[in-house]
Amino acid sequence: MSLLNNKIAIVTGAASGFGAQIARDYVEEGAKVVLADLNLEGANQIAQSLGENALAFKCNVAIKDDIDGLVNFCVENFGTPDIVVNNAGTTHRNQPLMNVDEKTFDLIFDVNVKSIFYMVKAVVPLMRENGGGVMLNVGSVAGIRPRPGLTWYNASKGAVNTLSRSLAVELGPDAIRVNAICPVLGETGLLEHFMGVEDTPENRAKFLTTIPLGRLAKSSDVSNAAVYLASDKADFITGVEFPVDGGRVI
Ligand SMILES: NC(=O)c1ccc[n+]([C@@H]2O[C@H](COP(=O)([O-])OP(=O)(O)OC[C@H]3O[C@@H](n4cnc5c(N)ncnc54)[C@H](O)[C@@H]3O)[C@@H](O)[C@H]2O)c1
């Protein structure tokens, strides 16, 4: 049986990495999905490979009008979203905290945090009308156990993790479940930025020693969690910082 039959979902940052795999798995599990990304060409390619239950939409999640446009697009084409995955994110390169400039700080907080403020404003009234919904925010283990070199990114993901729990408390009475997914370092476009060094086997080995299960996160690890948490099997799960990290946060 498909876990997301007839559900309607929005996935941001769906042109690559974790978001692309979440979109693929959601469609495979029976959902209709809007794939939102700055990179329309990438989102379109994936949407087209998934058939009529997937549509791409160009959206900068750091802009309120873009988020409003995204939610309207979903409503007009598929209906009110049952599931929203706030996955789009960005980072500064791994470096000493004093070297990161204000413009970069603002970009990180606009894309990683303020985008969720805009999305909540746009989607919660619709979910309330609909009798409930699910929001998943892609936080990070970086927001639970920060490490040097990514301080401002870590802070943004700490905000994502905490706001997810706070939303869960406040939106519980509306049957809107909110959870944060917290991946460890993963094999995506952001990998070298997080490592701050070239992606070589020697450099990877240093990071792997801190992960008990001994490997990086795959997009499928994150999408499996995103399918479960969005499905009715997780009906009583809300306000969780869900590590997908091979034991990294222990
Ligand atoms: N890769 C990791 O190690 C790791 C670990 C923990 C958390 N995360 C988080 O996972 C999420 C997905 O990242 P990923 O690792 O798949 O990287 P990725 O670079 O492969 O994918 C990120 C996607 O977001 C899109 N995007 C960036 N800024 C955007 C904006 N303003 N509006 C719309 N789309 C935008 C990009 O175009 C890209 O398609 C991010 O929130 C990231 O912080 C990643």
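Computed from a predicted model, the values in this text were never measured in an experiment. Ligands are counted one by one from 1 in listed order, and the atoms in each one are counted from 1 as well.
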Exercise. Please name all residues satisfying side-chain contact (heavy atoms from CB on, under 4.5 Å) with Ala122, sequence neighbours left out, ordered by chain then number.
Key: Ile67, Asp68, Val71

Per-pair distances, ligand 1 N/O vs protein N/O, less than 3.5 Å:
| from | atom 1 | to | atom 2 | distance (Å) |
| --- | --- | --- | --- | --- |
| ligand 1 | 1 (N) | Thr188 | OG1 | 2.9 |
| ligand 1 | 3 (O) | Gly186 | N | 2.6 |
| ligand 1 | 15 (O) | Thr188 | OG1 | 2.5 |
| ligand 1 | 16 (O) | Phe18 | N | 2.8 |
| ligand 1 | 17 (O) | Thr188 | OG1 | 3.4 |
| ligand 1 | 20 (O) | Ser16 | OG | 3.0 |
| ligand 1 | 20 (O) | Gly189 | N | 3.4 |
| ligand 1 | 21 (O) | Ser16 | OG | 3.2 |
| ligand 1 | 31 (N) | Asn60 | OD1 | 2.8 |
| ligand 1 | 32 (N) | Cys59 | O | 3.3 |
| ligand 1 | 32 (N) | Val61 | N | 3.0 |
| ligand 1 | 34 (N) | Leu38 | N | 3.4 |
| ligand 1 | 37 (O) | Asp37 | OD1 | 2.6 |
| ligand 1 | 39 (O) | Ser16 | OG | 3.0 |
| ligand 1 | 39 (O) | Asp37 | OD1 | 3.4 |
| ligand 1 | 39 (O) | Asp37 | OD2 | 2.7 |
| ligand 1 | 41 (O) | Asn87 | O | 2.8 |
| ligand 1 | 41 (O) | Lys157 | NZ | 2.9 |
| ligand 1 | 43 (O) | Tyr153 | OH | 2.7 |
| ligand 1 | 43 (O) | Lys157 | NZ | 3.2 |

Quiz item: So among Val61, Leu163, Thr12, Val84, which one has a side-chain contact (heavy atoms from CB on, under 4.5 Å) with Ile116?
Solution: Leu163

Practice problem: Output yes when a side-chain donor or acceptor of Lys32 lies under 3.5 Å from a complementary backbone atom of Gly79, and no otherwise. | Solution: no

Quiz item: Cut-off 3.5 Å, side chains only: do Asn72 and Glu76 have a donor facing an acceptor?
Solution: no

Exercise. May I ask you to list the residues sharing a hydrophobic cluster with Val197, side-chain cutoff 4.5 Å, ordered by chain and number?
Key: Val141, Ile144, Leu150, Tyr153, Val184, Leu185, Leu190, Leu191, Phe194, Met195, Phe207, Leu208, Ile211, Leu216, Val249

Exercise. Return the set of residues passing side-chain hydrogen bond (donor to acceptor under 3.5 Å, both in side chains) with Asn5 (not counting sequence neighbours), or none when no residue passes.
Key: none

